[in-house]
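Encoded as structure tokens, the structure appears first; notes follow it.
No hydrogens, no waters, no symmetry mates; every other heavy atom, side chains included, goes into these values.
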Amino acid sequence: LSKTRRQLRTAREQALTDLESIRRRLALAMHHAPIGMALVGLDGSFLDVNPALCHIVRYSPEELAGLTFQDITHPDDLASDLDLLQQLLTGEITNYRMDKRYIRKDGTTVWVELQVSLVRHGDGTPEHFVSQIVDIDDRLEEYASLSFKAHHDPLTGLVNRSGLLAALHRLDMANSDGTHPFAVIYCDIDGFKLVNDRAGH
């Protein structure tokens with residue numbers, strides 16, 4: 001009996017050691033992750049954050065500990081975020097992804113790609129959320145620049161043929177039920193061909 005107790009004690013101690021090792025590795029992985037990561041309480045409080053997230057929102061870990069994600073989420077994006085969280089809690093979805101804005105400490109906004117999953121206790125009740133956050137400001141800025149170039153003349157900045165057709169399409173879609181009629185006026189400039197031939201289109 002004494003030998004069996006010793007074996008059980010040894011096995012329990014080994015299991016605790018293994019669990020502590022796993023926790024330590026997870027903590028290190030989170031701390032060194034190149035993207036923002038956070039453990040978020042069911043009330044929205046920040047339980048743990050990594051340096052990458054602090055860099056994105058410009059808050060220190062101590063400052064975030066006194067805030068909730070609701071406090072730093074742009075008001076226009078909050079309702080969608082909360083709705084998805086509720087679906088997560090009820091089990092309708094297992095995770096979600098959305099683009100949203102955070103309000104940084106200095107008051108500026110930053111666009112991020114947010115991915116959230118829910119961790120549950122052994123009995124299935126919700127424990128906390130795991131959030132992964134990627135700064136996409138540069139990506140959106142590049143997209144906006146490419147979109148502008150695709151629809152505007154590089155010399156004058158005026159809308160080009162592609163931009164005109166896109167605008168007409170939007171107007172046509174808005175008037176699909178006939179309640180928003182519109183007109184198009186076409187104006188030409190006499191003798192402008194000479195300018196085009198000399199200076200280029």
ask   = Got more than 12 heavy atoms from elsewhere within 6.0 Å of CD, E127?
value = yes

inquiry  = Could you check whether atom CZ of R161 has more than 12 heavy atoms from other residues, nucleotides or ligands sitting under 6.0 Å from it?
reply    = no

query = Can you name the one residue among Q132, R139, M98 that meets side-chain contact (heavy atoms from CB on, under 4.5 Å) with E113?
reply = R139

ask   = Any chance CD of Q87 has more than 12 other-residue heavy atoms, nucleotides or ligands included, within less than 6.0 Å?
value = yes

D137 side chain vs W111 backbone, donor-acceptor pair below 3.5 Å = yes

ask   = T125 side chain to H121 main-chain N or O, any donor-acceptor pair under 3.5 Å?
value = no

message = Before you tell me yes or no, could you show the steps for V49 and Y59 under side-chain contact (heavy atoms from CB on, under 4.5 Å), namely the whole-Å CA-CA distance, both residues' side-chain angles and the distance that decides it to 0.1 Å?
response = CA-CA 10 Å; V49 296; Y59 282 100; over 6 Å; no

Using residues 182-189 as the side-chain source, report each donor-acceptor pair under 3.5 Å to any protein atom, sequence neighbours left out, with the distance given to one decimal.
none

ask   = CZ of F129 to CG of L39: how many Å apart, nearest 0.5 Å?
value = 12.0 Å

ask   = Have T108 and D106 got a donor and an acceptor in their side chains that come within less than 3.5 Å?
value = yes

task = Would you please say whether a donor-acceptor pair under 3.5 Å links the side chains of D81 and Y96?
result = yes

query = How long is the span from the CD1 atom in I56 to the CD1 atom in I35, to the nearest 0.5 Å?
reply = 8.0 Å

key: Side-chain touch P61/L53, heavy atoms, less than 4.5 angstrom   = no

Shared hydrophobic cluster for V110 and F46 (ILVMFWY, side-chain gaps under 4.5 Å) = yes

query = Less than 4.5 Å apart, any side-chain heavy atom of L164 and any of L158?
reply = no

task = Starting at OG of S131, measure out to CG of N95 and round the result to the nearest 0.5 Å.
result = 11.5 Å

request  = Start with the C-alpha distance between R101 and D99, add both sets of side-chain angles, then the distance that settles salt bridge (charged side-chain N to carboxylate O under 4.0 Å, His left out), and finish with yes or no.
outcome  = CA-CA 7 Å; R101 287 160 289 180; D99 292 345; over 6 Å; no

message = Would you say that more than 12 heavy atoms from the other residues, nucleotides or ligands in this model lie under 6.0 Å from the NE2 of H55, or not?
response = no

key: Verify same cluster id: Y102, I136 (apolar side-chain graph, 4.5 Å)   = no

ask   = side-chain contact (heavy atoms from CB on, under 4.5 Å) between N160 and H151: does it pass, once the steps are laid out?
value = CA-CA 6 Å; N160 60 17; H151 294 97; 4.3 Å; yes

task = Start with the C-alpha gap between D43 and T68, add the side-chain angles, then the distance that decides, and say whether side-chain contact (heavy atoms from CB on, under 4.5 Å) holds.
result = CA-CA 8 Å; D43 61 351; T68 65; 5.6 Å; no

key: Atom NE2 of H169: over 12 foreign heavy atoms under 6.0 Å   = no

request  = Enter the distance from L140:CG to S145:OG here, rounded to the nearest 0.5 Å.
outcome  = 12.5 Å

inquiry  = Would you say K100 and S80 are linked by a side-chain donor-acceptor pair, where the criterion is simply a distance under 3.5 Å?
reply    = no

task = Return yes when atom CG of D123 has more than 12 non-hydrogen atoms of other residues, nucleotides or ligands closer than 6.0 Å, and no otherwise.
result = yes

query = Tell me, do T94 and S117 make a side-chain contact under 4.5 Å, heavy atoms counted?
reply = no

request  = Give, for atom CG of L89 and atom CZ of R120, the distance between the pair rounded to the nearest 0.5 Å.
outcome  = 7.0 Å

ask   = Hey, quick one: are L78 and L85 part of the same hydrophobic cluster, counting side-chain heavy atoms closer than 4.5 Å, chains of contacts allowed?
value = yes

message = Starting from V116, can I reach L82 by hopping between I/L/V/M/F/W/Y residues whose side chains sit under 4.5 Å apart?
response = yes

query = What about V112 and L67, same hydrophobic cluster or not, with Ile/Leu/Val/Met/Phe/Trp/Tyr joined at side-chain heavy-atom distances under 4.5 Å?
reply = yes

ask   = CD1/I72 to OG1/T109 distance, rounded to the nearest 0.5 angstrom?
value = 12.5 Å

